[in-house]
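Here's the structure, in structure tokens; my notes come after.
Keep in mind that what you see is a predicted model, and the values were worked out from it rather than measured.
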Amino acid sequence: MSKRSCPCGLPQAYEQCCGRHHSGAVAAPTAEALMRSRYAAFVRCDEKYLLRTWHPRTRPSSVDFDPGMRWTGLEILETAGGSAFHSAGTVTFRASYRGGSLYERSRFERVEGAWVYVDGDFVE
């Protein structure tokens with residue numbers, strides 16, 4: 001097993017960081033943790049996790065991964081709400097890839113106690 005830091009940008013190894021969420025061992029405790037784990041799932045093309053953590057009302061039937069996409073980093077710019085004491089929250093982030101970046105404000109809600117991604121708006 002690789003001991004490199006997690007793709008989400010935190011210094012822990014993947015297995016101790018987002019890997020715990022991907023395996024289902026531990027739910028993401030905050031909207032930001034879910035955002036980070038979903039970014040890592042995009043890096044790893046983990047469709048099952050992405051669909052499981054997508055709000056039922058906005059969830060697509062599948063995730064289309066671009067085989068040429070190479071994600072290179074995640075920067076959390078702002079969070080609002082999304083803690084253990086909230087039922088909703090937003091995370092504004094920049095996800096970099098080879099050749100550019102995606103700048104988005106994502107919305108998250110709790111469904112049956114677990115954080116899920118609702119939708120997001122691209123930020124100019």
Side-chain angles (χ1 to χ4, degrees):
M1 279 193 209
S2 169
K3 293 299 177 200
R4 292 185 316 188
S5 60
C6 190
C8 82
L10 294 177
Q12 298 99 323
Y14 167 77
E15 293 78 12
Q16 282 76 51
C17 195
C18 293
R20 301 174 316 138
H21 306 311
H22 294 173
S23 72
V26 179
T30 64
E32 180 181 337
L34 183 66
M35 173 60 238
R36 287 181 178 280
S37 69
R38 286 178 55 83
Y39 170 82
F42 272 104
V43 170
R44 298 175 66 92
C45 297
D46 185 343
E47 181 182 45
K48 219 166 121 180
Y49 181 76
L50 290 167
L51 293 175
R52 188 171 83 232
T53 59
W54 213 307
H55 197 292
R57 77 171 181 264
T58 58
R59 180 187 304 135
S61 58
S62 64
V63 178
D64 293 324
F65 296 103
D66 178 347
M69 179 69 79
R70 294 292 173 260
W71 295 103
T72 58
L74 176 66
E75 181 184 5
I76 303 296
L77 303 171
E78 182 182 4
T79 61
S83 79
F85 304 105
H86 298 101
S87 59
T90 60
V91 178
T92 304
F93 67 92
R94 181 176 292 111
S96 299
Y97 55 88
R98 195 178 303 143
S101 66
L102 175 83
Y103 184 22
E104 183 179 306
R105 181 172 299 110
S106 293
R107 283 180 285 283
F108 298 87
E109 292 178 7
R110 284 187 188 266
V111 172
E112 297 176 7
W115 285 108
V116 292
Y117 169 78
V118 178
D119 60 16
D121 296 317
F122 293 112
V123 182
E124 295 301 319

Task: Ser106 and Tyr117: CA distance, side-chain angles, deciding distance, side chain to side chain donor-acceptor pair (under 3.5 Å) verdict - done: CA-CA 7 Å; Ser106 293; Tyr117 169 78; 4.6 Å; no
Are the side chains of [X] and [Y] in touch, meaning some heavy atoms are under 4.5 Å apart?
| X | Y | answer |
| --- | --- | --- |
| Val91 | Arg36 | no |
| Pro29 | His21 | yes |
| Val118 | Arg57 | yes |

TODO: Find out whether the Lys NZ or Arg CZ of Arg38 is both under 6.0 angstrom from the six-membered ring centre of Trp54 and within 45° of the ring's axis.
DONE: yes
Task: Side chain Thr92, main chain Leu77, donor-acceptor under 3.5 Å - done: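 Flag not set: sc Thr92 to bb Leu77 has no pair under 3.5 Å.
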Task: Polar side-chain atom of Arg110 near backbone of Ser87 as donor-acceptor pair, under 3.5 Å - done: no
Open item on the list: Going by ring-ring contact (aromatic ring centres under 6.0 Å, His included), name the residues that satisfy it together with Tyr103, two or more places apart in sequence or in a different chain.
Closed with: none
Should [X] and [Y] be regarded as members of a common hydrophobic cluster, given that ILVMFWY residues are connected when their side-chain heavy atoms come within less than 4.5 Å of each other, either directly or indirectly?
| X | Y | answer |
| --- | --- | --- |
| Met69 | Val43 | yes |
| Met35 | Tyr97 | yes |
| Phe122 | Trp71 | yes |
| Leu51 | Trp115 | yes |

Open item on the list: Tell me whether the rings of His22 and Tyr49 are parallel (<30°), tilted (30 to 60°) or perpendicular (>60°).
Closed with: tilted
